Visitor: 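Sharing a structure with you now.
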Amino acid sequence: MTTLFDGYRLRDLALPNRVVMAPMTRVRAAAGGLATPSMAAYYAQRATAGLIISEGVQPSLVGQSNPGTPGLHTDEQVAAWRPVTAAVHANGGRIFAQIMHGGRVSHPDTIGTRPVGPSAVPAVGDVFTPAGPRPAPTPRALETAEVPEHAASYARAARRAVEAGFDGVELHGANGYLISQFLSSNANLRTDRYGGSVAGRIRFAVEAVSATVDAVGGARTGIRLSPGGTFWGVEETRVPELYGALLTELARLDLAYIHLEATAEEEVLVDLRRAWPGTLIMNPVPPMGAKQTGRTDADHWLGLGAELISFGRGFLANPDLVERLRTGLPLAPVDEATYYQGGDAGYLTYSAYQYTA
């Protein structure tokens with residue numbers, strides 16, 4: 001019977017276990033979207049994961065969602081990431097960069113221009129800006145001729161990620177950001193080839209992934225999806241059909257994996273597992289009343305056919321999460337007040353389990 005601690009071959013990478021560190025925004029980058037020595041230490045501390053997926057990294061300035069996030073669209077950013085990937089590799093780890101275009105989930109105070117989206121429909125809620133939370137602005141709807149350029153931005157960032165030493169990339173197609181906005185039936189009101197029908201709504205995702213595969217290869221490319229998710233006010237109609245069609249197109253591209261969040265009914269997710277011929281990373285939702293996903297949740301999805309299981313909050317406060325899960329040690333709680341405050345407190349200050357005599 002498969003366990004979390006069995007090795008797994010992810011295309012060209014030999015993973016020592018099936019535990020994946022999920023991407024989590026930490027807004028600790030320096031000015032100019034540069035990675036820092038603290039970021040190198042943070043990821044290196046967690047290198048016992050079978051695979052680390054980085055925080056969301058913007059592929060362009062207009063693609064930036066939050067202040068303080070890192071980029072992969074300048075030579076300086078590439079150079080800043082190299083010590084991070086080197087530190088992970090020196091500690092025996094493997095790391096993919098998550099490429100995240102925020103689309104409408106941004107603000108002129110952050111990016112210096114009006115955010116873009118599939119349609120002129122604002123996100124629901126406040127977005128982060130350098131001056132604090134502000135209502136999400138109405139984005140500028142992309143012209144049809146502009147859309148391929150934004151799809152290609154993922155591929156350009158992927159090339160830079162490989163230059164920076166990442167083992168691969170994951171496109172952020174979930175949680176209400178740009179790819180998710182195109183999949184949506186209320187954020188995407190387009191009547192051209194990028195909207196309307198299921199085939200139109202999946203087109204941007206397929207073009208972005210195809211361009212990335214052309215740039216760095218399928219073995220270095222994954223995508224994260226949140227079927228039926230409602231982040232930032234997105235809605236999706238005909239979810240099983242929408243994602244079934246998307247996975248059919250993505251299967252032609254021979255990707256390293258797809259990464260699903262448990263945002264739909266289990267029956268829908270199990271059907272998507274059956275429909276996907278390649279590696280599936282599953283990101284379970286913590287059970288009611290729990291703050292973190294645990295071993296039981298992971299074993300459940302391994303039993304349903306997922307090959308790899310991703311953990312988010314558990315990795316924040318437990319750099320030795322793999323060992324804690326393996327030995328049944330208690331998980332340290334997360335200080336949520338330090339999620340986005342910057343600095344090393346609540347970032348590098350969590351330690352491995354302290355044994356007492």
Side-chain angles (χ1 to χ4, degrees), residues 13 20-49 51-102 105-106 110-112 128-130 153-172 175 177 212 215-216 220-222 224 259 310 312 315-317 319 338-350:
L13 296 176
V20 175
M21 178 175 166
M24 292 171 285
T25 296
R26 302 308 308 275
V27 295
R28 259 72 174 188
L34 302 181
T36 67
S38 288
M39 290 166 65
Y42 169 77
Y43 285 114
Q45 285 176 346
R46 291 153 178 81
T48 52
L51 177 67
I52 292 172
I53 304 170
S54 82
E55 61 210 279
V57 181
Q58 58 260 15
S60 61
L61 181 57
V62 75
Q64 183 173 0
S65 181
N66 301 312
T69 55
L72 270 170
H73 54 92
T74 70
D75 292 343
E76 293 78 14
Q77 291 164 352
V78 171
W81 274 113
R82 286 189 179 122
V84 179
T85 58
V88 171
H89 293 148
N91 276 22
R94 296 134 299 275
I95 184 168
F96 273 37
Q98 189 192 63
I99 303 175
M100 171 183 157
H101 190 312
V105 185
S106 188
T110 300
I111 61 176
F128 294 104
T129 79
S153 72
Y154 293 89
R156 289 194 298 272
R159 287 193 192 95
R160 289 187 176 276
V162 172
E163 290 173 18
F166 284 97
D167 298 296
V169 298
E170 175 182 282
L171 277 65
H172 197 346
N175 303 147
Y177 298 108
T212 303
V216 300
R220 286 175 161 165
T221 305
R224 181 171 167 106
H259 187 180
S310 65
F315 263 116
L316 296 185
T338 65
Y339 276 2
Y340 312 121
Q341 73 172 17
D344 289 345
Y347 191 61
L348 300 182
T349 50
Y350 295 113

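What you see below is based on every heavy atom in this structure, not just the backbone, and it leaves out hydrogens, waters and symmetry mates. Keep in mind that what you see is a predicted model, and the values were worked out from it rather than measured. Positions are given from 1 along the sequence.
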Visitor: Between Ser54 and Pro23, which heavy-atom pair has the shortest distance, and what is it?
Guide: O-CB, 3.0 Å

Visitor: Kindly indicate whether the side chain of Leu316, heavy atoms from C-beta on, has any atom under 4.5 Å from the side chain of Arg26.
Guide: yes

Visitor: Any side-chain heavy atom of His259 within less than 4.5 Å of one from Glu170?
Guide: yes

Visitor: Counting C-beta onward and ignoring hydrogens, is there a side-chain heavy-atom pair between Arg224 and Ser310 closer than 4.5 Å?
Guide: yes

Visitor: With a 4.5 Å limit on heavy-atom distance, are the side chains of Leu72 and Val78 in contact?
Guide: yes

Visitor: Would you say that Phe96 contacts Thr221 through its side chain, given a criterion of any heavy-atom pair below 4.5 Å between the two side chains?
Guide: no

Visitor: Please round to the nearest 0.5 Å and tell me the distance separating atom CD of Gln77 and atom CD of Glu163.
Guide: 12.0 Å

Visitor: So do the side chains of Pro59 and His73 get within less than 4.5 Å of each other, counting heavy atoms only?
Guide: no

Visitor: Apply the test side chain to side chain contact (heavy atoms under 4.5 Å, CB included) to residues Trp81 and Val57: give CA-CA distance (whole Å), side-chain angles for both, the deciding distance (0.1 Å), then the verdict.
Guide: CA-CA 11 Å; Trp81 274 113; Val57 181; 3.8 Å; yes

Visitor: Okay, side chain of Arg46, backbone of Tyr42: is any donor-acceptor separation there less than 3.5 Å?
Guide: yes

Visitor: When you measure from the side chain of Arg94 to the backbone N and O of Val88, does any donor-acceptor pair fall under 3.5 Å?
Guide: no

Visitor: What distance separates Leu171 CG from Ile99 CD1, expressed to the nearest 0.5 Å?
Guide: 5.5 Å

Visitor: I need the minimum non-hydrogen distance between Ala87 and Ala40, along with the two atoms involved.
Guide: CB-O, 3.9 Å

Visitor: To the nearest 0.5 Å, what is the distance between CZ (Phe315) and OH (Tyr350)?
Guide: 14.5 Å

Visitor: Can you find a pair of side-chain heavy atoms, one from Thr110 and one from Pro130, that are under 4.5 Å apart?
Guide: yes

Visitor: Quick one: do the His101 and Ser153 side chains pair a donor with an acceptor below 3.5 Å?
Guide: no

Visitor: What's the spacing between His172 NE2 and Ile53 CD1 if we round to 0.5 Å?
Guide: 10.5 Å

Visitor: Rounded to the nearest 0.5 Å, what separates atom CE in Met100 from atom OH in Tyr154?
Guide: 9.0 Å

Visitor: How close do Gln58 and Thr69 get, heavy atom to heavy atom, and via which atoms?
Guide: OE1-OG1, 2.8 Å

Visitor: Closest approach of Val105 and Ser65, non-hydrogen atoms and distance?
Guide: O-OG, 2.5 Å

Visitor: If every non-hydrogen atom of Ile111 is compared with every non-hydrogen atom of Leu61, which pair is closest and at what distance?
Guide: CG2-O, 3.2 Å

Visitor: Measuring from Asp167:CG to Thr85:OG1, what's the distance to the nearest 0.5 Å?
Guide: 8.0 Å

Visitor: We want to know whether Arg28 and Tyr347 form a side-chain donor-acceptor pair, criterion being a heavy-atom distance below 3.5 angstrom.
Guide: no

Visitor: Less than 4.5 Å apart, side chain to side chain, heavy atoms only: is that true for Tyr43 and Glu55?
Guide: yes

Visitor: If you compare all heavy atoms of Gly346 against all heavy atoms of Thr338, which two are closest, and at what distance to 0.1 Å?
Guide: CA-OG1, 3.4 Å

